[in-house]
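Both counts, for ligands and for their atoms, begin at 1 and track the order of listing.
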Amino acid sequence: MLANKRILLVISGGIAAFKALDIIRLLLKEGAGVQVIMTRAATEFVAPLTIATLTGKPVLTELFDLTRESEIGHIELSRAADLVVVAPATANLIAKMANGIADDLPSTMLLATDKPVLVAPAMNVRMWYHPATQRNLATLHQDGLHFVGPAVGMMACNEEGPGRLSEPEEIVSEIRSLLDDTPKPLAGKHVLITAGPTHEPIDPVRYIANRSSGKQGYALAVAARAAGARVTIVSGPVAIDPPKGVEIIRVETARQMHAAVEAHLPADVAIMAAAVADWHVANEGAEKIKKQADGSFPALQFEENPDIARFVGTHPDKRPKLVVGFAAETQNLEENATRKLAKKGVDWIIANDVSPQTGIMGGDHNMIKIIRADSIEAWQDMSKGEVATRLITRIGEALDEIIEI
Ligand code: C5P
């Protein structure tokens with residue numbers, strides 16, 4: 001992923017400086033070239049020799065290193081880089097950056113660079129919350145710097161809260177996405193996705209649900225984000241981790257999902273991948289429903305849930321340019337799916353056969369048909385990730401056509 005990318009890594013002097021070794025290792029493993037600059041304080045935590053051995057390049061620390069000045073100079077340093085990463089970034093270095101102070105090699109280079117800068121802060125929780133730090137961070141955000149973390153948790157100083165350096169894997173993943181120069185067909189677009197099941201309560205401890213895992217919806221969110229979109233997922237209860245870099249709104253019932261979807265319109269594209277329960281229990285018990293002594297069963301009464309796809313597909317003024325629905329069926333797939341196109345006012349229906357023997361419900365693969373008013377296209381069996389990437393490519397192409405018209 002990072003082959004031939006050149007990273008200029010600034011290590012400043014916090015206890016987390018040792019984690020920079022793991023960041024360097026991960027970057028080298030992916031084929032990046034790494035040049036390290038350290039603040040003087042950082043060299044108290046990690047030996048420059050260790051880092052120079054790892055990167056195969058001398059570590060730079062001194063502004064007035066005459067040989068360096070004549071050979072490349074501090075102004076030249078970042079010219080050779082694709083990205084500047086500050087990890088860990090102490091409160092002190094952040095303060096200098098926010099105020100344009102250049103009194104050592106790292107701060108001077110940071111003032112002289114016109115390359116993108118990724119900052120991974122690490123400091124004591126009270127230093128993090130200090131109004132001065134928060135003010136400096138706001139300034140740097142405004143200046144267009146990128147941030148990762150800090151993580152929340154236990155710190156070296158035995159205090160808990162935000163201030164831990166993000167994990168090296170997370171920092172490297174952020175570096176990857178900043179340096180990703182693949183085309184971004186959905187850049188500037190907002191994609192709203194519903195995913196997962198809904199839970200419809202019977203009483204405070206029981207609910208009615210379905211077997212949706214949320215995997216296809218979440219995979220679509222990952223693919224849309226990779227295509228450059230701003231992504232909002234409105235998700236029912238699922239057991240999978242939320243994708244990074246997307247906004248996630250967690251809901252339980254169809255009525256909550258409906259409200260959350262309404263609140264997050266407008267969008268350019270809506271993908272309704274949730275398996276929304278068709279009904280909710282109208283006579284929901286306020287207390288746990290008890291077994292009856294005479295052996296009789298509670299009579300549940302149902303009421304229809306709002307049809308969220310139809311709400312979006314027929315919205316008078318906030319209808320997205322492209323609305324994609326799903327149809328999970330166990331019989332008469334094409335017929336049922338085609339009927340839904342018109343009924344819900346959606347542009348495409350992604351239909352799949354979820355009979356138990358297909359293993360699609362809850363599984364990692366999917367076999368879909370794209371149903372449009374004038375065509376049906378059947379795709380081969382593939383992973384849910386692959387389905388997502390291809391569908392998002394199609395969505396990008398369709399948006400281009402809509403805009404051209
Ligand atoms: O009507 P049916 O549930 O089969 O339709 C499936 C499609 O409609 C899916 O895209 C699903 O997310 C959406 N849907 C919805 N709200 C409902 C029922 C279904 O958004 N109440």
Side-chain angles (χ1 to χ4, degrees), residues 191-201 207-221 224 231-238 248-265 267 269-282 302-315 318-320 322-355 358 360-362 366-373 376 384 387-388 391-392 394-395 398:
V191 176
L192 178 61
I193 299 175
T194 65
T198 62
H199 285 184
E200 309 296 337
Y207 58 83
I208 294 174
N210 58 60
R211 296 184 193 280
S212 169
S213 65
K215 285 178 186 170
Q216 187 62 76
Y218 278 45
L220 282 158
V231 181
T232 308
I233 312 183
V234 178
S235 174
V238 293
I248 181 147
I249 318 296
R250 293 173 205 277
V251 297
E252 291 209 348
T253 67
R255 286 160 291 168
Q256 290 165 355
M257 186 173 273
H258 177 236
V261 163
E262 182 170 18
H264 288 84
L265 286 173
V269 179
I271 307 176
M272 318 309 287
V276 185
D278 288 321
W279 319 277
H280 63 266
V281 177
F302 291 97
E303 245 168 34
E304 212 167 304
N305 271 331
D307 190 320
I308 305 162
R310 192 170 65 209
F311 167 77
V312 174
T314 58
H315 201 289
K318 287 190 190 157
R319 186 189 191 278
L322 190 72
V323 182
V324 180
F326 273 67
E329 300 287 345
T330 54
Q331 53 189 351
N332 302 335
L333 181 64
E334 289 182 13
E335 201 183 311
N336 282 332
T338 308
R339 208 173 307 128
K340 273 173 204 167
L341 269 183
K343 194 177 131 210
K344 293 178 189 267
V346 303
D347 302 295
W348 304 353
I349 286 277
I350 310 304
N352 56 9
D353 181 347
V354 289
S355 308
T358 64
I360 286 175
M361 211 76 178
N366 203 354
M367 197 158 90
I368 62 153
K369 289 183 176 165
I370 304 184
I371 303 196
R372 303 184 186 86
I376 294 183
K384 285 182 175 171
V387 168
L391 263 180
I392 291 295
R394 282 298 178 81
I395 286 172

From CG (Leu220) to NZ (Lys215), nearest 0.5 Å: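 Output value for this atom pair is 14.5 Å.
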Phe302 side, atom CZ; Ile208 side, atom CD1 - distance, nearest 0.5 Å: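 If I round to the nearest 0.5 Å, the distance is 4.0 Å.
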Ion pair Asp307/Lys340, N-O distance below 4.0 Å: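 So Asp307 does not pair with Lys340 through a salt bridge.
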Neighbouring residues of ligand 1, heavy-atom cut-off under 4.0 Å: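 Residues within 4.0 Å of ligand 1: Met272, Ala274, Val276, Asp278, Pro306, Asp307, Ile308, Ala309, Gly325, Phe326, Lys340, Lys344.
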Salt bridge (charged side-chain N to carboxylate O under 4.0 Å, His left out) involving Glu303 - partner list, sequence neighbours excluded: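 Partners of Glu303 by the salt bridge (charged side-chain N to carboxylate O under 4.0 Å, His left out) criterion come out as none, since no residue qualifies.
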Donor + acceptor pair across side chains of Ser235, Tyr218 (<3.5 Å):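 Ser235 vs Tyr218: donor-acceptor pair found between side chains.
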Whether His258 and Phe311 hold their rings parallel, tilted or perpendicular, with breakpoints at 30° and 60°: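 Plane angle over 60°, so perpendicular.
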